[in-house]
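We number each residue from 1, following the sequence as shown. All values below were derived from every heavy atom in this structure, side-chain atoms included, with hydrogens, water molecules and symmetry-related copies excluded. Note that the structure is a prediction, hence the values are computed from the model and not measured.
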Amino acid sequence: MAAGAGLDEAAKGNVLAAFYWGYGVSQIPGGWAAQLYGGRRTLAASFAAWSLGSLLTPGSARSVARVVAARVCVGLAQGALIPSVHTVLSQWVPPHERARAVSLTTSGMYLGSAAAMLVLPSLSAAWGPASLPRLVGVLGLAWLALWLAVGREAPGHRASTDATMPLTSPDAARKGEAAGGGGAARSGGGALAPWRALLASPAVWAIVVSNFAFHYAFYLVMNWLPTYFNSVLGLELASVGGLKALPYLVMFACSNAGGWAGDALILRRRHTVAAARKAINTVGMASAMAALLTMPLARGRGGGVLATTLAMGTLGFSRGGFSVNHMDIAPRQAGMLMGISNTAGTLAGVVGVAVTGYILDGAGGAAELAGWWRAHGVAAAVLGAALAADPLGVLVNVWAPANKVATDKLVVVPDVATGAPVLAAAADAPAGAALLSVPEAAWLGAPAAQRSAIGGLVSDLEPWLQLALLLLSERGGAGGGGPLAAYVSSLPSAPNSPLFWSDDELALLQGSQLLESVLGYRQFFREQFAALEASLFEPHRAAFPADRFTYAGFAWAVASVRSKLHAPLDADPVALVPLADAVLHSRAGNVAWRLKSGGLFGGGRSLALEATRPVRKGEALGMDYGPDKLDGAVLLDHAVMDAAAPKGGYSLTLTLPDSDRYYDDKLAILERAGLGASAAFTLVRGTEPPAEMMGFLRLMQLGGTDCFLLESIFEAEVWDFMCLPVSAPNEAAVCAAMMDGAREALAGYVSTIEEDLALLRDGAVAPGSREETAVKVRLGEKEALDGLLAFFEGRASDLGALEFYAERRLKRLGLMDEENRSTYDAFFRDGIA
């Protein structure tokens with residue numbers, strides 16, 4: 001019809017998309033009607049309306065407006081169909097059978113598509129294209145008669161006149177509830193949806209995003225399949241014969257396989273309902289991403305059918321995840337929730353089908369392969385974005401199986417504070433137990449970078465830079481999918497590191513050490529990027545495309561590497577360990593990374609996630625990312641902070657000035673003490689400065705008559721002398737220098753300690769926000785500085801109570817007693833002299 005009317009690809013896309021405008025508008029009203037009036041009646045009304053609309057569809061595409069209007073009307077009528085089905089199933093089917101039930105019922109449309117692919121081209125050739133909508137309308141009316149004869153409302157619904165019980169026995173229902181952790185809740189009949197609760201639920205939005213991604217890819221393949229065969233493969237779809245139905249038949253089979261697999265995970269492997277749904281969804285969509293990218297590579301009839309079959313089959317498998325989840329999280333509002341979700345899916349149809357037409361036109365027409373690469377790349381990216389919302393699911397369900405990493409001792413559970421998915425113990429584990437073991441072959445280190453497409457060009461770089469460029473290369477799709485792509489897709493697209501904070505957010509850190517570090521690192525990374533741009537990217541632009549290897553992309557890659565590196569694999573060697581690096585940061589951690597040797601006859605090293613204390617079943621796993629680091633350093637390095645156990649403080653760096661008259665002598669003393677000309681010391685409120693810091697300060701201030709201690713005869717003891725008060729003038733100079741420094745540092749902040757405490761106490765900053773993080777970091781620094789100031793103020797006011805080097809020396813020689821009285825007095829009094 002389109003060819004006869006002379007329509008271009010963009011116009012064809014708009015006609016194909018017209019159905020979805022109507023279909024999308026009626027989804028939520030359809031769910032509401034099914035909930036209020038019953039699934040039986042709503043399904044009947046839907047079939048009657050769209051069958052009549054099909055019968056009234058114009059027979060020619062020359063009147064584009066009339067065809068579009070008819071398609072919109074058919075879409076409006078069909079919008080209530082899927083929400084009604086979900087309403088019925090949520091009322092009749094318990095949790096452990098829902099995946100199979102949904103997959104079986106909804107996969108019928110793929111059988112219908114397969115039948116259409118086999119029969120309709122021949123009918124179109126024999127009777128003309130105009131006959132097809134009318135045939136579909138007649139078949140719809142025939143099904144309507146059957147439904148009216150056998151369909152029933154669920155018991156308890158106000159529209160029901162049937163007193164029979166659901167198909168599943170009460171015992172089976174209870175079994176499913178126990179395994180799934182939720183009941184097979186029956187609809188209350190006409191209870192209206194709690195809109196605020198539904199729209200505020202992260203689980204609802206996860207379903208919506210997954211539905212959008214699925215249908216974007218599905219509608220692209222389904223609606224553009226004839227054009228794909230004709231333009232890419234040089235074949236008429238009718239010439240493929242019975243093979244053209246294979247993608248839909250496989251999709252039918254895979255959809256049911258996904259349903260059966262999901263239910264099996266709940267009952268046989270005792271997964272939670274949420275974990276089972278995520279596993280099926282992740283495996284299906286990740287596989288579909290790879291399959292979509294193979295379609296433009298296909299050649300010939302067999303290659304085209306195989307690529308299309310893989311794409312449709314893997315998409316169908318994912319339906320055993322997100323498509324069932326409506327009934328798990330809100331069984332009483334399953335129809336309404338399906339309406340919301342399917343509205344997003346329909347929007348994907350409108351957008352995806354139409355946008356594909358414009359992409360193909362923009363590339364020079366459907367005959368240009370570049371356009372298909374772009375269109376399928378966009379679809380794969382949309383699926384990838386949906387998976388990125390569940391990074392743990394990608395790692396557990398895609399990366400781990402591909403790398404033969406066992407995850408049977410781990411489960412994914414919602415965090416009690418945020419609701420976000422986190423790793424937890426699948427069973428009780430004693431201290432020392434390995435909850436996860438990742439072999440060295442699965443690590444991402446310099447060898448992995450050197451085996452990649454860019455390996456020969458980056459082998460001379462530092463290992464961390466090799467890893468950063470590997471991630472950036474894979475992020476752009478250069479790696480062609482696989483386990484590495486799954487890991488990269490699990491990384492945050494916008495790290496929470498202060499390196500990526502806005503100027504307004506960084507202004508909250510004014511005067512802080514963290515801000516100074518952020519600005520320093522930004523300058524360093526810009527210099528690194530400029531050097532790489534000149535020496536590597538520009539000379540090898542084919543390997544490092546300018547649209548991907550930007551400074552923003554480079555900064556993302558570097559921050560991603562920094563955030564995922566942990567001891568003992570953060571120095572030599574440097575390696576990322578997927579899944580093991582997904583453990584939360586917690587100051588009160590219960591696990592730690594342990595490097596394990598393969599032994600004399602072992603198979604190489606591995607990284608174990610080892611319990612540091614007994615861990616209970618279901619307990620979230622956490623490890624301290626920086627036991628020796630303050631919160632600011634952990635935030636900068638790993639983009640996280642443990643708000644429940646803050647470790648604020650100040651890192652003070654002391655440097656011996658090279659202008660010091662006795663620089664060489666003092667440096668030699670520091671080096672013998674294991675220090676250098678500069679040394680950093682951690683200050684925490686409530687604790688006194690460490691003895692080494694006090695020794696460094698006294699040595700820096702050593703002068704005047706105290707310099708006799710620098711003589712070589714004191715070489716073995718002088719550092720011990722420095723760690724205790726030397727003289728009143730020296731100690732006074734130390735106190736004065738530290739008090740001045742602490743006051744100057746405190747004056748540089750944008751707020752006082754009291755103001756920050758009030759912000760946190762009064763709830764003026766949102767929990768978990770960057771503003772709260774900035775307030776806590778700067779507060780920790782200021783409290784440490786305030787404690788330091790208080791310490792030296794007290795010391796300066798009480799110098800007379802200190803014992804200095806001279807007194808200690810006289811006591812050692814017996815010339816002064818413990819009350820600091822000279823023993824010479826007794827010598828003269830007794831007449832000895």
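With rounding to the nearest 0.5 Å, the separation of CZ in R277 from OG in S318 is 13.5 Å. Interatomic distance, T308 OG1 to M222 CE, rounded to the nearest 0.5 Å: 13.5 Å. To the nearest 0.5 Å, the span separating CG on L360 from OG1 on T227 amounts to 8.0 Å. Going from atom NE2 of H215 over to atom OG1 of T343 covers 11.0 Å, rounded to the nearest 0.5 Å. To the nearest 0.5 Å, atoms CG (L306) and OG1 (T294) are separated by 7.5 Å. Taking CD1 of I359 as the start and CH2 of W224 as the end, the distance is 10.0 Å to the nearest 0.5 Å.
Contact check for L579 versus V396: side-chain heavy atoms found under the 4.5 Å cut-off. For the pair P578/L444, a side-chain contact is recorded, criterion being any heavy-atom separation below 4.5 Å from C-beta on. V422 is not listed as a side-chain neighbour of V412, based on a closest heavy-atom distance of 4.5 Å or more. Residues F322 and M285 are in side-chain contact: their nearest non-hydrogen atoms beyond the backbone lie under 4.5 Å apart. In this structure the side chain of W556 reaches within 4.5 angstrom of the side chain of L471, judged on heavy atoms. Using a 4.5 Å cut-off on side-chain heavy atoms (C-beta onward), K564 and L491 make contact. Side-chain contact check for L484 versus W399: every heavy-atom pair is 4.5 Å or farther apart.
Residues that satisfy the side chain to side chain contact (heavy atoms under 4.5 Å, CB included) test with T282, not counting sequence neighbours, are L387, D390, V394, N397, V398. Applying the ring-ring contact (aromatic ring centres under 6.0 Å, His included) rule to F554 yields the partners F529; only residues at least two apart in sequence or on another chain are considered. A search for side-chain hydrogen bond (donor to acceptor under 3.5 Å, both in side chains) contacts involving S493 returns nothing, not counting sequence neighbours. Partners of Y216 under the ring-ring contact (aromatic ring centres under 6.0 Å, His included) rule, at least two apart in sequence or in another chain, do not exist in this structure.
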>> Between S473 and F549, does the side chain to side chain contact (heavy atoms under 4.5 Å, CB included) criterion hold? Intermediate values first, please.
In response: CA-CA 8 Å; S473 175; F549 285 82; 4.0 Å; yes
> Can Y219 and T356 be said to form a side chain to side chain contact (heavy atoms under 4.5 Å, CB included), step by step?
Replying inline: CA-CA 10 Å; Y219 285 137; T356 299; over 6 Å; no
>> Working note: S210 + N281, criterion side chain to side chain contact (heavy atoms under 4.5 Å, CB included); need CA distance, chi angles, decisive distance, verdict.
In response: CA-CA 8 Å; S210 293; N281 193 65; 3.6 Å; yes
> For L621 and L410, what are the C-alpha separation, side-chain angles and deciding distance, and is it a side chain to side chain contact (heavy atoms under 4.5 Å, CB included)?
Replying inline: CA-CA 9 Å; L621 303 183; L410 301 174; 3.5 Å; yes
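Taking both residues in full, the closest heavy atoms of A557 and A468 are given as CB-O, 3.2 Å, listed atom of the first, atom of the second, then distance. Closest of all the heavy-atom pairs between L383 and A217 is CD1-CB, 4.1 Å. Residues S287 and T314 approach most closely at CB-CG2, 3.5 Å, considering heavy atoms. Across all non-hydrogen atoms, the minimal contact from I280 to A261 is CD1-CB, 3.7 Å. Taking both residues in full, the closest heavy atoms of L472 and R548 are given as O-CD, 3.4 Å, listed atom of the first, atom of the second, then distance. Scanning both residues, P495 and A559, for their nearest heavy atoms gives CG-CB, 4.4 Å.
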Sequence neighbours excluded and cut-off under 3.5 Å, please list the side-chain donor-acceptor pairs for residues 368-380, or say none.
residue, atom, partner, partner atom, Å
W372, NE1, A366, O, 2.6
H376, ND1, L292, O, 3.2

Identify all side-chain donor-acceptor contacts of residues 249-257 below 3.5 Å with residues at least two apart in sequence or on another chain.
residue, atom, partner, partner atom, Å
N256, OD1, L104, N, 3.3
N256, ND2, S107, OG, 3.0
N256, ND2, F252, O, 2.8

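Formation of a donor-acceptor pair under 3.5 Å by the S497 side chain with backbone atoms of F500 is not found in this model.
In this structure, a donor-acceptor pair under 3.5 Å is present between the side chains of D581 and Y487.
Both cation-pi conditions hold for R319 and F214: the charged atom is under 6.0 angstrom from the six-membered ring centre and inside a 45 degree cone around its axis.
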